[in-house]
Structure formats: C-alpha cells, structure tokens
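In listed order, ligands and their atoms are each counted from 1. Note that the structure is a prediction, hence the values are computed from the model and not measured.
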Amino acid sequence: MKKIISLTFTFFLTLFIAGHSYGQLQKVFQGAQEQTRLLLKDIPAAQAQWGNKKGTPVSPRTLDPQGELVLVPSRDWTSGFFPGTLWFLYEYTGKNEWLMQAREFTTSIEPEKWNGGTHDMGFKIYCSFGSGYRLTGDPHYREVIIQSAQTLITRFKPETGCIRSWDHNRDKWGYPVIIDNMMNLELLFAATRLTGDSTFWKIAVSHANTTMKNHFRPDFSSYHVIDYDTLTGEVLKRNTHQGYSHESAWARGQAWALYGYTLCYRETRDPKYLRQAEQIAAFILNHPRLPADLIPYWDFDAPGIPDEPRDVSAAAVIASALFELAGYSDQGKDYRKKARKIVGALTQNYRAKPGEAHGFILLQSTGSKPANSEVNVPLSYADYYYLEALLRSRDAKVKK
Ligand code: GLY
C-alpha cells in the first residue's frame, strides 16, 4: 500500500514538474487573476505617491527595496508588459473584466508611437497593442502598430545595417546596439504584414543579419552591447551594460537572443535563423552553470555561483521561446520537455504567495546586478513571459 501511495505521489510530482495539466493550468491562471486584481487595487495609491516626477505613471514595473510598488510612465521600456499581461488573462479567460482593463492600460501608452528616442518600441507597443490587435482586430490598434513601426525605423542607418538602441551614455558609445533589440523586430514584421510595405521587413532582416554577424561568440553566446562606427559600419567595441563583464554571458541577453532568432525564423522561414536559435538554445541548455531547475543565475559567468541571484525573467523568456522553437525544430521534443520543466519550476518554487508582492506573480528576477538595481525582485516582464509560456504550453499539449 505504502509503495502504491509513493508511486502515485511520484507520478503526480513528475506530471507537475514536466508541465501543467489542464486543471493545474486553470489553477495557475486563477492565481494569476487574483494577484493581478490585487495589483490593480494597489496602483492608485502608488500613483498618488508620484509627486512631481516627469510623466504620468501608467504601468507597474517592480517593487522598490522597501517593498513598495514602482510604477513607470509610458516612455519606460517596460510600460507595455502589464497591458500585455492583461491581454493574456483575457485570452485565457475570455472575461470582459480583463478586456476592459487591457484596453484601458493599452490606451495609456499610445503616445509612445511618436517616441523615436529609443529602440524599445516593440516591447512597448507589440506586447500591448500587438496582443490587443490579435485578440480584437480593433482597426485603431492596427494604426498604432503601423505608426510605431514607422517611428522605430527612423533609428535605422544603412551604413551600420542595424537599428540604434540607445541614445544615452554618449561618452561610451557612438552607435550602441544591444542584443535586446532583436525583440523589437516583431513589430516591424507585423507592420509589413499589415501594410504590404516591405520596408519594415527589409530593415528587420538587415538588423537580424548584422546582429548575427557581430553579436555572437564562437560558442553562440551573445555580447550585450556592440558599438558601431556610423560611417563604415565597423564594430568599435564589444561591451556589456547589465552583465558581469564584457566577455561574460548575461542571462537575459541570451534569452532575448533565443527568442529573437526564433521569431525571425517564424516570420521569414530562413533556415539560418532556425540554426542560430538552435545553437543559442544549445549554449543555454548545455551550460555547466545552468542550475538543475533550469532557472539561470543572472549571468552564466557570475563569479559567486552558486551564491548569486537567479533571473526568473530570463527563465520565463527562455521557456516561452523554447515552446515556439519546438514547433520548428527537429529537437522539438527536447525543447518542449525543457520548457515544461522551466514553467513547472517557476510555478512550484518562484511564485509569490497569494496576496503577497503587491500582486506580482513571480519573484526572484534580476534587472541590473552591476547597478545594484532590481536584484531578486518581481518584474513585470517576468510575469508577462511566464503567462505567454503557459499559454504556449497549453497550445503545445496536442504535440508530443
Ligand atoms: N531590455 C532591457 C533589459 O533586458 O533589461
């Protein structure tokens, strides 16, 4: 009898770790809704604390060291993730409650469609308006996506073959391009689909090719920042900003690279992007310092491993990317298994307890360890990619 109980327990534990059954997924989304209701309730008090700071606080981003809710104005690179989370809750539940909230929070970042001062347009607009358009077909959302893409491509310079990421730190870099920028290409591919104008598509492909040439080491790990000569396109520097060192592998950077080349393959079907995504996946998944639960430390080369903070946001991005890559690759079975293991671990060991963390869903992300900023905290983008990964896991269930 004891043996049967133990075998049954092991069976259900394996099921849980390997992913989520239908009922478990429902429970996780139930919990995510309850947490998000709490977050919505706490936003007005945080808005009241905003004072004379620049802009209007629109979206939650994280918690400060005192555990207080931190909001951001629409210009912040993370402003689109909370609206995106609301769209995912609407997608899963079909409830009007989430549709209304998603619409409201999405509208509040519309001014960004004119903001040509940053490359983060895809993060902001595609996670919010992109999901909104996919789920509602609202023609106004379509217009916002197109205008945002038009603004984004003003940052492309043919001499470099890529889109400039940052305008800050001008003393360090003349034309910095960061691996994160791969994520913004999704918006450009969408703009070509919506308009038939191939300009956006060509710029996205040029950016992906240039990045493939210059951002990667022979082991397919990625540098964070590449600085280009604006006249010749020559690489001037290979640096980091949020990683441990210029030659280290910053975990979220590897995650953006994996997700970025997977989406490039989805949009173009060019096999070189598939190969690139597979090689990046191999670097991450075979790394000797990837912990057994597959939730990476903030940098694969952080000197104090195993006593270094994890980055749950990187894990969530990797899981979501692997679910998609699994649909394209001969190694799909293994990728799905790994992605399920990651979401299982996130659900089991990295979720906030009900009613905690002002309503964020996941704990233990790392924003920028070198700046000692947002270390071991909830982050809106970790929640966003976790819900996306969960939705992708549901859709992947039909496949083996
Ligand atoms: N895109 C900024 C970051 O990943 O922190």
> Any idea which protein heavy atom is nearest atom 2 (C) of ligand 1, and the distance to it?
Replying inline: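 Looking at atom 2 (C) of ligand 1, the protein heavy atom closest to it is Asp180 OD2, 3.1 Å.
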> What residues join Ile178 in its hydrophobic cluster, counting side-chain heavy atom gaps under 4.5 Å, either direct or through other members?
Replying inline: Trp166, Trp173, Val225
>> Assess whether a salt bridge exists between Glu247 and Arg238, defined as any Lys/Arg side-chain N lying under 4.0 Å from an Asp/Glu carboxylate O.
In response: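 Result for this pair is no, no salt bridge flagged.
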> Hey, is Asp293 close enough to Lys341 for a salt bridge, meaning N to O under 4.0 Å?
Replying inline: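 So Asp293 does not pair with Lys341 through a salt bridge.
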>> Using a 4.0 Å cutoff against the non-hydrogen atoms of Arg252, which atoms of ligand 1 qualify?
In response: 3 (C), 4 (O), 5 (O)
> What atoms of ligand 1 come within less than 4.0 Å of a heavy atom belonging to Gln242?
Replying inline: 3 (C), 5 (O)
> Quick check: does any side chain N or O of Ser329 sit under 3.5 Å from a backbone N or O of Leu325, one acting as donor and the other as acceptor?
Replying inline: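 A pair under 3.5 Å: no.
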> Is the distance between the ring centroids of Tyr92 and Phe29 less than 6.0 Å?
Replying inline: yes
Test of proximity, [X] against ligand 1: N or O pairs below 3.5 Å:
X: Trp256; value: yes
X: Trp250; value: no
X: Asp120; value: no

